[in-house]
Amino acid sequence: MPGTCTSTMIIDSQVVLKLDAIDKQLSQALQVLLVQGIEDSQQLQSLQRSLYSIKKIVDDLVNRLSRQNSTKVYIDLQKVLDTLENACIDTLGDSKVLDLFKNALVQYTIVIAYYALLSDSLVSLPQAYDALDYYNSILASRAKSWYYGLQCMVPRFIKHSYENKTELLRPRMDLIMLKNFQFVGIAKHRNELLTKPWRYLNVLVHLPLSVIRDDLSKKLAVETELVNEHTIKLGELLDDFNSSIDTNEDMDNHISRLSSHLNVEGQPVDSLTRLKLIVLNIKELQEQKPNTLVMKPNFISRNWPVLLVGLLYGPSSIIAVWQSRYKILEFLQHNVLDFVTGLMYNWVYTPLKQVWATVRHDEGSAISVTSQSTLDSEMSSLSRMIVSFVVENSDHRELINENQLISQVEHGDLTQFLKIYETQLSHPIKNIVTGSLVRSLLIQVQKTKVDGSLALNGIDKMLKSQQLVFGILAMSPALAIIYTSFVALKRFVKLGSVWSNIQKYKYRISVSLNNIERIINDFKDTETGAISKGKDEYLKEGLLLIEISTLHELGKKIVPKKRISEWCRDVQELMTHSKSSRQTHLNVVNRIYHVYGRYL
């Protein structure tokens, strides 16, 4: 069934085109009459004032419809009535100017009447179908049926059960029957009654559910027929609206159809008087309670169990909350305010500042495991120790180049030191006693420290090369939380929920597109390409209009903002091609699938 849609944008473009066509026709006719000359008269002035008044209403309507707004545009029908009242003069004579002004006034009013009726139908009918879906979902679920019975049917349950107890019990058990003032049938089921009593208990337990579903089924049957009748009228209205409105005969036909649709009693001869009755009936319909066609149970009926629980436990809960207000404020301060402040300062501002300092190569912004001066001092100490040791233990001291030896040590070449060490190992006891071997071992310990410092220095260089990456990673959790919060807020503003409803909208769009294509395929083209008209065809046209309107609004929620205008144009082509062949409609549907499939 069609989904809920409260916008009438889908017919706005057609209304604007109709009004623009009337403007152009009136302008061209006036230019011709101005050349011929116009005789002024009191009747002409009166009709001219009325035409000016209705033109102001029309211009305001066109301006509001052209704003691409998603809400229904209401028209002050009282101003239209006043304008028609002032224009209702006894005789208009044979003046072409009077006839021109009168025809323009009638045409404007007819278009306004059609817009008012179509817009009201496009608001109430989708809501009615939504209500039918609500009742169908209740009927399909046992738990929902029970809850619905608790909500709405408690006052009627006892009465309905009493009136239909015999009919409801007969299909489930044939236990007893009164015949000749005696109960018969007990002997037949006596053994089963004694051995399996739960079967009959199950019947009694499910009796309320049967009552609920029986009531829902009857309600759905009546309301579905009512909604279908109004959908047929919507199809008829749309078909009449799309027909020509140029000649006097066309205008009389439109007035007759509007009168028939509204069941206006009496048919005055003058067209302006008949239009006044039509507008008056539309105004009275709009002043009535909206959406009285089919409605869900009201808020109190649906939620009185929850409200009852709230009434019973609400006061004590409010008192408990008030008594714990300081604890609650402290909790909010510690877990909400401090959390947000710490998140923004410690995990967004500070890492962002560090990243900026890294990019600028500010002093002190680099991360490191050890300082560069530590490695330099340890390397210098090792060089001095080795040079001193080699000079003292070498037989040819004058041949030693200290600068070359220091360069070799800095590059890790300890050949001369190791030769002396190997010589000392040949007499280990002696060299231990003299301390030479112990000194060699301590130098190697220092070499090990230098190697460790070199490894840490390599790690420092790697960290410095990836410091920007580490800074961005430090910000990632906070950025993820901020992004999630922003998306939730955006969804709440656009979709009305912090949770993602995109899949729900995609599902409903898929259903609408499927229904549109199915309805178009069911249309039967005549030999001239027109669609044969009957109640079934009018029903299909009404359903098609509702589905197109639903598709139009749902698509604007998931299509990117920069492509919404394209979406509106393409969906509205399903309406502008109302007189085209079935294949033309299907081509538009296929284009929608092809162009917007990635979003749907």
Side-chain angles (χ1 to χ4, degrees), residues 1-18 20 65-73 118-119 122 125-126 129-130 234-235 238 241-242 486-487 490-491 493-497 499-525 529-531 540-600:
M1 289 185 178
T4 301
C5 174
T6 59
S7 171
T8 58
M9 271 278 299
I10 199 65
I11 63 169
D12 290 355
S13 60
Q14 292 185 333
V15 173
V16 172
L17 290 175
K18 283 271 188 181
D20 288 343
L65 293 180
S66 301
R67 292 174 188 169
Q68 298 291 318
N69 207 341
S70 296
T71 57
K72 176 185 173 182
V73 176
L118 286 171
S119 60
L122 284 176
L125 278 175
Y129 278 108
D130 186 61
L234 175 63
L238 180 63
F241 176 71
N242 289 328
F486 175 76
V487 171
K490 182 179 179 181
R491 287 172 179 168
V493 173
K494 186 176 181 180
L495 306 177
S497 174
W499 308 110
S500 178
N501 289 327
I502 297 298
Q503 293 301 322
K504 182 183 75 173
Y505 287 116
K506 287 184 177 180
Y507 169 76
R508 293 177 61 186
I509 287 176
S510 176
V511 171
S512 292
L513 281 171
N514 177 60
N515 289 338
I516 289 172
E517 193 166 0
R518 178 177 54 82
I519 294 171
I520 292 174
N521 283 323
D522 285 343
F523 278 131
K524 297 178 181 178
D525 294 347
I531 301 176
K540 293 174 186 176
E541 285 192 2
L543 289 173
L544 181 62
L545 178 59
I546 296 172
E547 290 290 359
I548 293 174
S549 180
T550 302
L551 178 67
H552 182 270
E553 290 306 307
L554 292 178
K556 292 195 294 185
K557 295 182 181 296
I558 63 174
V559 172
K561 187 176 295 185
K562 61 184 178 181
R563 303 203 67 180
I564 287 180
S565 59
E566 297 178 38
W567 170 264
C568 296
R569 179 202 63 196
D570 292 338
V571 175
Q572 285 175 354
E573 285 187 13
L574 291 170
M575 295 296 303
T576 56
H577 291 318
S578 58
K579 295 184 179 181
S580 303
S581 65
R582 180 173 58 184
Q583 187 59 43
T584 304
H585 288 83
L586 293 177
N587 290 339
V588 176
V589 174
N590 291 333
R591 186 169 78 248
I592 291 174
Y593 275 118
H594 174 69
V595 176
Y596 306 99
R598 58 179 299 187
Y599 311 119
L600 309 181

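These numbers come from a predicted model, not from an experiment.
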Atom OH in Tyr129, atom CD in Glu547: separation rounded to 0.5 Å? 9.0 Å
Spatial distance of atom OG1 (Thr550) from atom CG (Leu513) [nearest 0.5 Å]: 11.0 Å
Heavy-atom closest pair (Trp567 atom, Leu551 atom, distance to 0.1 Å) is CZ2-O, 3.2 Å
Can you find a pair of side-chain heavy atoms, one from Gln583 and one from Leu586, that are under 4.5 Å apart? yes
How long is the span from the NZ atom in Lys506 to the CG atom in Leu554, to the nearest 0.5 Å? 13.5 Å
Say whether, by atom type as modelled, one donor and one acceptor occur between the side chain of Asn242 and the main chain of Leu238 under 3.5 angstrom. yes
Minimum heavy-atom distance Glu541-Gly235, with the two atoms named: OE1-O, 3.5 Å
Hits for salt bridge (charged side-chain N to carboxylate O under 4.0 Å, His left out) against Arg591, two or more places apart or cross-chain, chain-then-number order -> Asp570, Glu573
So which atom in Lys556 and which in His552 form the shortest heavy-atom distance, rounded to 0.1 Å? CG-O, 3.4 Å
Sequence-distant partners of Asn590, side chain to side chain donor-acceptor pair (under 3.5 Å), two or more places apart: none
Side-chain donor-acceptor pair under 3.5 Å between Asn521 and Glu517, yes or no? no
Shortest non-hydrogen contact from Lys540 toward Asp522: NZ-O, 3.1 Å
How long is the gap from CZ on Phe241 to NZ on Lys18, to the nearest 0.5 Å? 5.5 Å
Within a strict 4.5 Å, meaning less than it, do heavy atoms of the Ile11 and Leu545 side chains meet? yes
Let me confirm one number: the CG-OG distance from Leu544 to Ser549, rounded to the nearest 0.5 Å. 11.0 Å
Any side-chain heavy atom of Leu543 within less than 4.5 Å of one from Asn515? no
Between OG of Ser512 and OH of Tyr507, what distance do you get to the nearest 0.5 Å? 10.0 Å
